[in-house]
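One structure below.
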Amino acid sequence: MYNITKYFEAHSVREAIELLQANPKARLIAGGSDLLIKMHQGKIEAAELISIHNLSEISGISLEPDGTIVIGAGTTFSKIANHPVIKKNVPVLAEAVETIGGPQVRNVGTIGGNICNGSTSSDTAPTLFALNARLRIQGDSGTRVIEITDFYQGPGQVDLQHDEILTAVLLSPDNYKGFAGHYIKYSMRKAMDIATLGCAVVCKITEQAVIEDFRLAFGVAAPTPVRCRKTETMVKGKTFNEELLQEVVKSAVAEVNPRTSWRASREFRLHLVEELSKRAFKQAFIKTGGKLQ
């Protein structure tokens, strides 16, 4: 069932990097919820695996003195969804991870694996895009931090060298304080299915219900997760109303480029872009304390 030719267990990030350097064909495994499926389907043969499942240095969630939220790449979806720091400061992320698979998957799957898989259908990516998340990556030459929007380079392709490890996701306070958000996932089944389309909206409003800041991101609306930058610029400074919702719908459709697959046609996904962007914006606005007219 699983053709594993080599298996190593790393006891530190440094050791994992050294094992990757010594084994050019090896792959990292944490929760294994994506990797083991590929192996079972025969997409990976003669697998060489390096386990980072038990590395405490890349697991857990903390709030830094400057307000930055640090989410270890090895943190499971269940821990993210139930952690008080997340529930208090970025509940939209808890909302997003709770749409992933079933309880068994959420108990083993990790946010780092979900990101590094490079899939446009990732349920964490749209929300992390909207939150301007940064990624901390460690390699032999040291540590680098990049924007998550720069990490995705193409379908299944990410900016990660063979001997590098994603160690943490960083959320800065200027990207979540005063904001509220909403994530909507549409899938063919109500549970345990990948997204046909995912939509995340994060926004901040003034006391006069003017949109001070607005971010709109999609999964499965392009070859990689995508932000709708032109739409975001158009919305800022405007008063929330039905007319603005319709402007968002029209603008968002012009910015995305979904494809037809066996799950859904391009036309249906464009329809979802319209519907989900409107619903997510409305709910995010309400969560900020805004009142519908």
Side-chain angles (χ1 to χ4, degrees), residues 90 92-93 95-96 99 115 118-135 146-155 158 171-172 174-176 178-187 195-205 210-261 264-288 290:
V90 279
V92 63
L93 181 57
E95 191 175 87
T99 69
I115 294 169
S119 173
T120 185
S121 61
S122 161
D123 286 304
T124 62
T127 300
L128 292 174
F129 268 49
L131 289 168
N132 286 329
R134 293 171 296 142
L135 305 179
I146 67 170
E147 303 291 331
I148 192 171
T149 50
D150 295 329
F151 188 68
Y152 287 79
Q153 299 184 325
V158 296
L171 303 175
S172 61
D174 56 322
N175 284 302
Y176 70 80
F179 287 83
H182 191 65
Y183 176 73
I184 303 177
K185 171 183 180 176
Y186 180 92
S187 58
T196 302
L197 193 94
C199 174
V201 168
V202 171
C203 67
K204 178 192 288 188
I205 66 172
V210 173
I211 310 301
E212 183 178 336
D213 202 347
F214 174 81
R215 291 91 171 266
L216 173 63
F218 290 100
V220 210
T224 66
V226 62
R227 280 273 295 269
C228 293
R229 304 284 186 177
K230 293 180 181 178
T231 304
E232 294 174 358
T233 300
M234 179 270 294
V235 170
K236 292 175 185 177
K238 293 189 176 181
T239 301
F240 183 90
N241 52 36
E242 188 63 33
E243 182 181 348
L244 182 59
L245 282 176
Q246 295 306 319
E247 289 181 30
V248 167
V249 166
K250 186 182 299 184
S251 180
V253 167
E255 286 200 73
V256 298
N257 184 29
R259 68 183 180 92
T260 293
S261 71
S265 66
R266 169 183 168 85
E267 291 72 22
F268 182 62
R269 285 195 167 102
L270 287 172
H271 171 70
L272 290 176
V273 167
E274 295 180 353
E275 191 61 34
L276 299 193
S277 60
K278 182 166 60 176
R279 292 185 188 182
F281 187 12
K282 185 179 291 187
Q283 290 302 312
F285 176 75
I286 292 171
K287 289 177 180 179
T288 63

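Numbers here simply count residues along the sequence, with the first being 1. Quick note: numbers below take in every heavy atom, side chains included, and nothing from hydrogens, waters or symmetry partners.
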Completion exercise
d(Ile115 CD1, Ile148 CD1) to nearest 0.5 Å is 4.5 Å
Exercise for the section: Would you check if Leu135 and Asp150 make a side-chain contact, meaning some heavy-atom pair closer than 4.5 Å? Expected result: no
Fill in the blank from the handout: For Ala217 and Pro126, the nearest pair of non-hydrogen atoms, with its separation, is CB-O, 3.2 Å
Exercise for the section: Measure the shortest side-chain to side-chain distance between Phe179 and Arg215 over non-hydrogen atoms and say whether it is less than 4.5 angstrom. Expected result: yes
Handout entry: Residues in ring-ring contact (aromatic ring centres under 6.0 Å, His included) contact with Phe214, at least two apart in sequence or another chain
Key = Phe281
Practice task
Heavy atoms only: give me the nearest Pro155-Thr224 pair and the separation to one decimal.
Solution key: N-CG2, 4.3 Å
Handout entry: Taking every non-hydrogen atom, the tightest pair across Gly198 and Ala195
Key = N-CB, 4.3 Å
Problem - Audit row: His271, Glu267, side chain to side chain contact (heavy atoms under 4.5 Å, CB included) steps and yes/no - result: CA-CA 6 Å; His271 171 70; Glu267 291 72 22; over 6 Å; no
Exercise for the section: May I ask you to say whether Arg227 pairs ionically with Glu147, meaning some side-chain N is under 4.0 Å from a carboxylate O? Expected result: no
Practice task
Could you tell me whether the side chain of Glu247 reaches within less than 4.5 Å of the side chain of Glu243, counting heavy atoms only?
Solution key: yes
Fill in the blank from the handout: Residue set satisfying side chain to side chain donor-acceptor pair (under 3.5 Å) with Gln153, at least two apart, ordered chain then number -> none
Practice task
Apply side chain to side chain donor-acceptor pair (under 3.5 Å) to Ser119 and list each qualifying residue two or more places apart in sequence or on a separate chain.
Solution key: Ser121
Exercise for the section: Identify the heavy atoms of Thr127 and Ala96 that sit nearest to each other, and give their distance. Expected result: OG1-CB, 3.5 Å
Problem - Expected output: side-chain Ser251 to main-chain Val248 donor-acceptor under 3.5 Å - result: no
Handout entry: Listed partners of Phe129 passing ring-ring contact (aromatic ring centres under 6.0 Å, His included), at least two apart
Key = Tyr152
Exercise for the section: Determine which pairs satisfy salt bridge (charged side-chain N to carboxylate O under 4.0 Å, His left out) with at least one residue from residues 123-135, sequence neighbours left out, and list them in order. Expected result: Asp123-Lys185
Completion exercise
In this structure, OH of Tyr176 is separated from CG of Leu131 (nearest 0.5 Å) by 10.5 Å
Exercise for the section: Please confirm whether the backbone N or O of Arg259 pairs with a side-chain atom of Arg269, one donor and one acceptor, at under 3.5 Å? Expected result: yes
Fill in the blank from the handout: Taken in chain and number order and not counting sequence neighbours, the residues that satisfy side chain to side chain donor-acceptor pair (under 3.5 Å) with Arg229 are none
Practice task
Check whether any side-chain heavy atom of Thr196 lies under 4.5 Å from a side-chain heavy atom of Val220, and answer yes or no.
Solution key: no
Problem - Spacing of Asn132 atom CG and Asn175 atom CG [to the nearest 0.5 Å] - result: 4.0 Å
Handout entry: Ala130 to Val202 - nearest heavy-atom pair and separation
Key = CB-CG2, 3.7 Å
Handout entry: Sole candidate of Lys238, Lys236, Lys204 that passes salt bridge (charged side-chain N to carboxylate O under 4.0 Å, His left out) when paired with Asp213
Key = Lys236
Handout entry: Polar side-chain atom of Glu255 near backbone of Lys230 as donor-acceptor pair, under 3.5 Å
Key = yes
Exercise for the section: Kindly compute the distance separating CD (Glu95) from CD (Gln283), expressed to the nearest 0.5 Å. Expected result: 9.0 Å
Exercise for the section: Report the C-alpha separation of Thr288 and Cys203 in whole Å, then their side-chain angles, then the decisive distance to 0.1 Å, and conclude whether the side chain to side chain contact (heavy atoms under 4.5 Å, CB included) test is met. Expected result: CA-CA 8 Å; Thr288 63; Cys203 67; 3.8 Å; yes
Exercise for the section: Please confirm whether the backbone N or O of Leu216 pairs with a side-chain atom of Glu232, one donor and one acceptor, at under 3.5 Å? Expected result: yes
Exercise for the section: Hey, can you tell me if Phe240 and Phe285 have their rings parallel, tilted or perpendicular (30° and 60° cut-offs)? Expected result: parallel
Handout entry: Taking every non-hydrogen atom, the tightest pair across Ala252 and Thr231
Key = N-OG1, 3.4 Å
Problem - Exercise: do Thr239 and Asn241 side chains pair donor with acceptor under 3.5 Å - result: no
Problem - Donor-acceptor contact present, side-chain Thr260 to main-chain Arg266, <3.5 Å - result: yes
Exercise for the section: Report the C-alpha distance between Val201 and Ile184 in whole Å, list the side-chain angles of each, state the deciding distance to 0.1 Å, and finish with yes or no for side chain to side chain contact (heavy atoms under 4.5 Å, CB included). Expected result: CA-CA 9 Å; Val201 168; Ile184 303 177; over 6 Å; no
Problem - Steps toward side chain to side chain contact (heavy atoms under 4.5 Å, CB included) verdict (Val256, Cys228) - result: CA-CA 8 Å; Val256 298; Cys228 293; 4.1 Å; yes
